[in-house]
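Report on the following structure.
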Amino acid sequence: MSDLLLKTENNIATIAMNAAPVNALGQPLRAAIYAAVQDALHNDAIAMIVLTSTAKLFCAGADITEFNTERAFASPSLPELCDLIDHARKPVVALINGDALGGGLELALAADYRVLAEHARVGLPEVTLGLIPGAGGTQRLPRFVGAEKALTMIAGGKAISANDAKISGLVDVVLSSSAFECEAEKVCRDFLSKGVPALDCADILVDENAIAADFFQQFLARQLPAQRGGFAARQGVEAVARALSQPLDEGLASEAALFRECETNPQSRALQHLFFSQRAASRIEGVDKNTPVKSLNAVAVIGTGTMGSGIAMCFLSAGLPVILLDSHEEGLARGRATIEQNYQKMLQRGRITEQQCVHCLSLLQTASEYSALADVDLVVEAVFEDMAVKTAVFSALDAACKPGCILASNTSTLDLDAIAACTSRPQDVIGMHFFSPAHVMKLLEIVRGEATSAECLNTVHKLSKRLGKVGVVVGVCYGFVGNRMVAPYSREAFRVLLEGASPAQSDAALTEFGMAMGAVSMADMAGIDVGCMAAEANKHEWQDDSTYQALQFALRERGWLGQKTGRGVYRYEGRLKQASPDVQAIIAAIAHEHAIAPRDLAQAEIADRCILMLINEGAHILQEGIASRPGDIDLIYVHGYGFPAWRGGPMHYADEIGLPTVVSRLQSLCTSLGAYGERWFKPAPLLLRLAEQGASFAQWRQ
Ligand code: COA
């Protein structure tokens, strides 16, 4: 099928992009549009050019698969195409019938007039890929909407609604979506009859007086403090500043130079890796993409704690009716109250409208008997993490739910196959491991049991997208991918305390690396008792190391369970965290008992030890087939554990520093840390093999 559909009617040449699925502006589509615009310009019978799309979307922008290849700037490049449109001597109208993102919006900005469908969103998301707009977006957008709005859109990367686009002056007309085609045709004819002129963007000046003299410095200080990520956002600020100080042609040249710097920055490789990993994660190993999907019209959630309530909210917010089940009335009341409070908070913060809040709550029912679940299509169990409790729930669900109903467990560590075995339908049993707070965190580990059917997997994966989650399929083992990897990572973060680092140093090493939070603070937040329980459940892995989480066990004995009890490793006064001399004394006693001499630990060593453990465990996980791709592990760490996206996840980070370096650092710790190092720092066989072959994780299985 042709990339374009062309139509000429009433002196108007319509050029409709027709390159499924998203009109990505690869070289062939760019060339086709370029030629069509030139034809229209040379044809005396044509008085106006209309650029639109036959797809649901207007255009998703530059073709990401061309990035870092010669094709990305092969002629006609996107900037050349935008220049042609901007300088056209005949008026060009962009009929934006659906979302216009990145280069898609840049094309529209080069046009003289923009007409937008009311459901469509427009935005410049390049920063999420570690880039800035490279086809004039940073120079043309401020000319229409002013520097402040342009900066928010470019540095933030979020798309805006049609209403916002109209108010800010980005588009000229917004039309109802249902009658868009026919109404848009009328608008164009109207433009033509009024003789609207072709405009040149270079003639528009950005109003310098609309912003304070120190606006850009203030923006950098406020929005982009000296964090180590955010390279592209800072380049975006610089580019928009040039739109004020330079004429359009010079500004475009500046934008091109700033774009190139982003392109070669490791942060853009990392962010693009995550983009492609997320798309790859929807291809489930051994599951044909045409596998049928079960229809899900009603859902039940068992358990009314923080987790159960959060999970229920995920479904409610996606428009799915939920029955919340608990055998105790007070549990149900507590669950409902938590959900109501959370929606109220979202309303107060402007995240949802009053109408959405009312609608979500209207979809919630409660029940205390399993018989109420006879008609639901999916149940998610979120009860106490104990095998006996879980199997009792699954037996009851097996008896109560209709055939074909998917039975999902939110277990974070338990053996899903053992849970499935207590039902008569193991093919319909699956893990849906949400992360707390479930209605906020983006990650969903989808646990595939031995017997889980392809249909069940495909359905839950599609559901994850509907819930706005990043769904990653993982296999069954202790802790699956995320929690299994967090165990050795947290072990090191705590072990360094015994070797002489303070809790604050341990945390700072990791936050400095870019983690959202240090592992010690994370343990206090999750609950010291929870950490101890997880460690106990996995005791066979570490019983030969008596220092293993010894501090956490000592704190539990004293009832210092973290934030919830006002003290754990740290002392808490409200949200304020303080070092605790008592804990320091306990640490010294444990170190003394195990003859660990205190020393000065460099921040780099602390971070290295923790992150190397993630990489090494990740390599074991890949080799065992618990994760299908290194990118799956990266998605899990970025979306569930606060790993910095700009580093691309632990496996991508390993590739960036080079696997031989990873191996040699592990081996050197193996030696320098004595028996402890020997016990824990042996490089995984897969890591050794890839390093020897000079290969990377990205090349694994290719
Ligand atoms: N270039 C190349 N391919 C693209 C693309 C782009 N700009 N945008 C999306 N695609 C591909 C996806 O990789 C996917 O391919 P696959 O089916 O082979 O995996 C396909 O188009 C559909 O995309 P998907 O994300 O699954 O569909 P969606 O309907 O959920 O979302 C978008 C559509 C456009 C919102 C989303 O894909 C997106 O955000 N794309 C990136 C937009 C962007 O950042 N543009 C600026 C580029 S600098």
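Note that this is a predicted model, so its numbers are computed, not measured. Counting starts at 1 for both ligands and their atoms, following the listed order.
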Review point. Would you say atom 37 (O) of ligand 1 touches the protein, meaning some protein heavy atom is under 4.0 Å from it?
Key: yes
Study note, to complete from the structure: atom 35 (C) of ligand 1: of Leu25, Asp99, Leu129, Leu101, the nearest heavy atom sits on Leu101
Check your understanding: Can you list the atoms of ligand 1 that are under 4.0 Å from a heavy atom of Glu126?
Key -> 48 (S)
Practice item. Kindly indicate whether atom 46 (C) of ligand 1 is approached by any protein heavy atom to under 4.0 angstrom. Key: yes
Practice item. Measure up the Tyr637 and Tyr641 rings against each other and bin them: parallel (under 30°), tilted (30 to 60°), perpendicular (over 60°). Key: parallel
Point to revise | The one among Phe275, Phe67, Phe276 that brings a heavy atom closest to atom 41 (C) of ligand 1 | key: Phe275
Review point. Are Asp164 and Ser161 close enough that some pair of their side-chain heavy atoms sits under 4.5 Å apart?
Key: yes
Point to revise | Other residues, nucleotides, ligands: >12 heavy atoms within 6.0 Å of Glu66 CD | key: yes
Check your understanding: Hey, is ligand 1 close enough to Ile64 that some N/O pair sits below 3.5 Å?
Key -> yes
Exercise for review: Say whether Val22, considering both its backbone and side-chain N or O atoms, lies within less than 3.5 Å of an N or O atom on ligand 1.
Suggested key: no
Practice item. For atom 15 (O) of ligand 1, state whether the nearest protein heavy atom is under 4.0 Å away. Key: no
Revision key, fill the gap. protein heavy-atom neighbour closest to atom 20 (C) of ligand 1 works out as Pro21 CG, 3.7 Å
Review point. So is Arg283 in contact with ligand 1, going by heavy-atom distances below 4.0 Å?
Key: yes
Point to revise | Phe67-Phe73 aromatic ring centre distance below 6.0 Å | key: no
Check your understanding: Does Thr128, backbone or side chain, put an N or O under 3.5 Å from an N or O of ligand 1?
Key -> no
**Study point:** Any protein heavy atom nearer than 4.0 Å to atom 29 (O) of ligand 1
**Key:** no
Study note, to complete from the structure: When every non-hydrogen atom of Gln267 is compared with those of Gly230, the smallest separation belongs to OE1-N, 3.4 Å
Revision key, fill the gap. If you scan protein heavy atoms around atom 2 (C) of ligand 1, the nearest is Asp63 OD1, 3.2 Å
Review point. If every non-hydrogen atom of Leu274 is compared with every non-hydrogen atom of Ala645, which pair is closest and at what distance?
Key: CD1-O, 3.4 Å
Check your understanding: Nearest to atom 31 (O) of ligand 1, what protein heavy atom do you find, and at what distance?
Key -> Arg279 NH2, 4.8 Å
**Study point:** Passing candidate, side chain to side chain donor-acceptor pair (under 3.5 Å) with Thr54, options Asn23, Asn18, Asn97
**Key:** Asn18
Exercise for review: Answer whether the closest heavy-atom distance between the side chains of Leu463 and Leu378 falls below 4.5 Å.
Suggested key: yes
Practice item. Using distance alone, determine whether Ala62 and ligand 1 share an N or O pair under 3.5 Å. Key: yes
Check your understanding: What is the nearest protein non-hydrogen atom to atom 42 (C) of ligand 1, stated with its residue, atom name and distance?
Key -> Ala60 O, 3.5 Å
Check your understanding: Going by distance only, is there an N or O of Lys465 that falls short of 3.5 Å from an N or O of ligand 1?
Key -> yes
Review point. Is there a donor-acceptor contact under 3.5 Å from the side chain of Asp172 to the main chain of Tyr113?
Key: no
**Study point:** Residue of the set His652, Arg647, His273 for which side chain to side chain donor-acceptor pair (under 3.5 Å) holds with Asp634
**Key:** His273
Practice item. Please say whether more than 12 non-hydrogen atoms of neighbouring residues, nucleotides or ligands are located less than 6.0 Å from CD in Gln38. Key: yes
